[in-house]
S.K.: 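First the structure, which I've put down as structure tokens, then a few questions once you've had a look.
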Amino acid sequence: MPTDDNIIWLDSADSTNKAARRLLEAGKLTDKMSFVAAVRQTSGRGQSDHIWVSEAGKNLTFSIVKDWSDSSFKASGQQVINSIVCPVICDFLKTEGVEAHIKLPNDIWVNDRKICGILIENVIMGGLMKWSIIGIGLNLNQTEWPESLPNPVSLTELTGRNYKPDEVLNGLVSEFRKKNWKI
């Protein structure tokens, strides 16, 4: 994958959230907003004990690391992060001719099928948000799914087109950077 100054691309990661946390703890993420993506994710996670299945190189798995340390964002308001992140994904899908909706708390669905999962993990100190690690799995090109997944769908299945994960991510990064993250 091509590299971008704003995106750290990993060939493989257990989960992008775990990889992002390791990079954060090692002091390798110094921007107020960083992005960590993986071509192959071996142990993707969802809410509770759910797993995120993604065929290597076919989908987009990435995490946003947001530094809140220069704000007074109270931990009690952390659910607002969904209202920033989910619309960016829905707006992208709309540009591809796909009407999607948010299934609370933080999944993106097209009709009755799941196209995107979001896992938000927060670091809180003294009742204030310090960091958020926002993992996003967006089904782009995968067309075969394990039987254990009852309702997945990919953008390719909906549009008949093929997508380049790095190009999609570059566009999403641009949109995430335009958002007002002041809380």
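Values in this document were obtained by computation on a predicted structure and should not be read as measured data. Below, each value reflects all heavy atoms present in this structure, side chains not excepted, and no hydrogens, waters or symmetry copies.
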S.K.: Taking only residues two or more places apart in sequence or in another chain, which ones pass salt bridge (charged side-chain N to carboxylate O under 4.0 Å, His left out) with Arg22?
M.R.: Asp14
S.K.: Which heavy atom in Asp67 sits nearest to a heavy atom in Lys130, and how many Å separate them?
M.R.: OD1-O, 3.6 Å
S.K.: Please identify each residue that fulfils side chain to side chain donor-acceptor pair (under 3.5 Å) with Ser63, with sequence neighbours left out.
M.R.: Thr16, Asn17
S.K.: Looking at side-chain heavy atoms only, is the closest gap between Trp131 and Met125 below 4.5 Å?
M.R.: no
S.K.: Answer whether the closest heavy-atom distance between the side chains of Val36 and Phe62 falls below 4.5 Å.
M.R.: no
S.K.: Quick one: does Thr42's side chain get under 4.5 Å of Ser12's, heavy atoms only?
M.R.: yes
S.K.: In the structure I gave you, are the side-chain heavy atoms of Cys86 and Ile118 within less than 4.5 Å of one another anywhere?
M.R.: yes
S.K.: In sequence, state the C-alpha distance, the side-chain angles, and the governing distance for Asp107 and Ile102, and then conclude on side chain to side chain contact (heavy atoms under 4.5 Å, CB included).
M.R.: CA-CA 6 Å; Asp107 287 333; Ile102 301 164; over 6 Å; no
S.K.: Could you pull out all residues at least two apart from Lys164 that satisfy salt bridge (charged side-chain N to carboxylate O under 4.0 Å, His left out)?
M.R.: Glu167
S.K.: Heavy atoms only: give me the nearest Ala13-Ala38 pair and the separation to one decimal.
M.R.: CB-CB, 4.0 Å
S.K.: Going by the rule salt bridge (charged side-chain N to carboxylate O under 4.0 Å, His left out), which residues pair with Arg40 if we only count those two or more places apart in sequence or in a different chain?
M.R.: none
S.K.: Is it true that a side-chain atom of Gln142 and a backbone atom of Asn139 form a donor plus acceptor pair closer than 3.5 Å?
M.R.: no
S.K.: Test Leu155 against Phe92 for side chain to side chain contact (heavy atoms under 4.5 Å, CB included), laying out the working first.
M.R.: CA-CA 11 Å; Leu155 200 49; Phe92 162 70; 3.8 Å; yes
S.K.: Please identify each residue that fulfils side chain to side chain contact (heavy atoms under 4.5 Å, CB included) with Ile84, with sequence neighbours left out.
M.R.: Lys179, Trp181, Ile183
S.K.: Rounded to the nearest 0.5 Å, what's the gap from NZ on Lys66 to CE on Met129? Could you check?
M.R.: 10.5 Å
S.K.: What are the two closest non-hydrogen atoms of Trp145 and Val153, and how far apart are they?
M.R.: CZ2-C, 4.0 Å
S.K.: Return the set of residues passing side chain to side chain donor-acceptor pair (under 3.5 Å) with Gln79 (not counting sequence neighbours), or none when no residue passes.
M.R.: none
S.K.: Salt bridge (charged side-chain N to carboxylate O under 4.0 Å, His left out) with Lys58: which residues, sequence neighbours excluded?
M.R.: Glu55
S.K.: If you compare all heavy atoms of Leu10 against all heavy atoms of Ala19, which two are closest, and at what distance to 0.1 Å?
M.R.: CD1-CB, 3.7 Å
S.K.: Sequence neighbours excluded, which residues qualify as side chain to side chain contact (heavy atoms under 4.5 Å, CB included) partners of Lys74?
M.R.: Ser76, Leu128
S.K.: I'd like to know whether Ile115 forms a side chain to side chain contact (heavy atoms under 4.5 Å, CB included) with Leu158, so could you lay out the CA-CA distance, the side-chain angles of the two residues, the decisive distance to 0.1 Å, and finally the verdict.
M.R.: CA-CA 10 Å; Ile115 194 165; Leu158 297 169; 3.9 Å; yes
S.K.: Between the main-chain N or O of Met33 and the side-chain N or O of Arg177, is there a donor-acceptor pair closer than 3.5 Å?
M.R.: yes
S.K.: How close do Leu29 and Ala20 get, counting heavy atoms only, and between which atoms?
M.R.: CD1-O, 3.7 Å
S.K.: Going by side chain to side chain contact (heavy atoms under 4.5 Å, CB included), name the residues that satisfy it together with Asn151, two or more places apart in sequence or in a different chain.
M.R.: Trp109, Lys114
S.K.: Can you tell me how far the SG atom of Cys116 sits from the CG atom of Leu93, to the nearest 0.5 Å?
M.R.: 7.5 Å
S.K.: If you define the side chain from C-beta out and look only at heavy atoms, does anything of Arg21 sit under 4.5 Å from Val123?
M.R.: yes
S.K.: Would Ile134 and Phe35 satisfy side chain to side chain contact (heavy atoms under 4.5 Å, CB included), going step by step from the backbone distance to the final call?
M.R.: CA-CA 9 Å; Ile134 306 156; Phe35 298 84; over 6 Å; no
S.K.: Taking the side chain as every heavy atom from C-beta outward, state whether Ile120 and Asn122 have any atom pair closer than 4.5 Å.
M.R.: yes
S.K.: With Leu172, which of Leu60, Ile64, Ile136 fulfils side-chain contact (heavy atoms from CB on, under 4.5 Å)?
M.R.: Leu60
S.K.: Only pairs at least two apart or in different chains count here, so list each side chain to side chain donor-acceptor pair (under 3.5 Å) that has a residue in residues 80-105.
M.R.: Glu96-Arg161, Glu96-Tyr163
S.K.: Holding to ring-ring contact (aromatic ring centres under 6.0 Å, His included), I want the full list of residues that pass it with Phe73, two or more places apart in sequence or in another chain.
M.R.: Trp68
S.K.: Listed by chain and number, what are the side chain to side chain contact (heavy atoms under 4.5 Å, CB included) partners of Asn162, not counting sequence neighbours?
M.R.: Asn141, Thr156
